[in-house]
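Data block below; observations after.
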Amino acid sequence: MLDADFFRRWMTAAAASVDREAERLTALDSPIGDADHGSNMQRGFRAVTAVLEREAPDTPGAVLQLAGRQLISTVGGASGPLYGTLLRRAGKALGDAAEVTEEQLADALRAGVDAVMALGGATPGDKTMVDALVPAVDALGTSFEAASAAAEKGAVATTPLQARKGRASYLGERSIGHQDPGATSSALLIAALVEAAGE
């Protein structure tokens, strides 16, 4: 069973990973975006770890909802609302339970991903964070490692795609050949589950 501590560890591990990879995320964003994805995500997740330490929510759902609200208020561009929606919707789906199963987490994240797709209008193949998140959620029923591997594979698979959503879509064919930064940061978020579980 996964408790609030696990979810706090997940957000802390995600923040540390974003910190380590911020320069790479920005480098990926340079040719097809505003060259600020790394710094935006870094600022957002640092704010998340700070607020979780300060407020220490005591249920998994409350941890995710607080993290989501923090990302919406601190991350610039489209990433804040999208990541915030992902976590808030997942947190809402978990309700007030003190502990949840991995299966419930998978269902909650699926609800979060559905909300992201509704908000951004993206579907798999559009070269967005959805390309990492959808396969990750599909694989979550197997294990966190399988979800992490699926997210990473999904992120890498965005490289040959032409962007159909977001800022990168303005570039048309010039967006081909670049790995999507949002899919890459989404893969970091999913990989942090493995770290949080100590697997």
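One is the number of the first residue; the rest follow in order along the sequence.
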Item checked: Criterion side chain to side chain contact (heavy atoms under 4.5 Å, CB included) on L25 and L188, from CA distance to verdict -> CA-CA 10 Å; L25 292 174; L188 296 179; 4.1 Å; yes
Nearest heavy-atom neighbours spanning [X] and [Y]:
| X | Y | value |
| --- | --- | --- |
| A147 | A136 | CB-O, 3.4 Å |
| V130 | P135 | O-CD, 4.0 Å |
| V137 | A106 | CG1-O, 3.9 Å |

Side-chain donor-acceptor pairs of residues 149-159 under 3.5 Å, sequence neighbours excluded:
from	atom 1	to	atom 2	distance (Å)
T158	OG1	A155	O	2.5
T158	OG1	D180	N	2.9
T159	OG1	V156	O	2.9

Are any of the side-chain heavy atoms of [X] and [Y] separated by less than 4.5 Å?
| X | Y | result |
| --- | --- | --- |
| L2 | E102 | yes |
| L189 | F45 | yes |
| Y170 | I32 | no |

Margin query: Can a side-chain donor-acceptor contact be found between Y83 and S186 if the only test is distance below 3.5 angstrom?
Written below: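 There is such a pair between these side chains.
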Margin query: My understanding is that only residues two or more places apart in sequence, or in another chain, count here; which of them pass salt bridge (Lys or Arg N to Asp or Glu O under 4.0 Å) with R9?
Written below: none
Listing request: all side-chain hydrogen bond (donor to acceptor under 3.5 Å, both in side chains) pairs with a residue in [range], at least two apart in sequence or in separate chains.
| range | answer |
| --- | --- |
| residues 44-53 | D19-R46 |
| residues 32-41 | D34-R167, D36-N40, H37-S79, H37-S185, N40-R43 |
| residues 123-133 | T123-D126, D126-R164 |
| residues 55-78 | none |

Checklist line | Electrostatic pair R8-D5, nearest N-O below 4.0 angstrom | finding: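 D5 and R8: salt-bridged.
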Check: Does CD in E23 sit with more than 12 non-hydrogen atoms of other residues, nucleotides or ligands closer than 6.0 Å?
Finding: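 Open.
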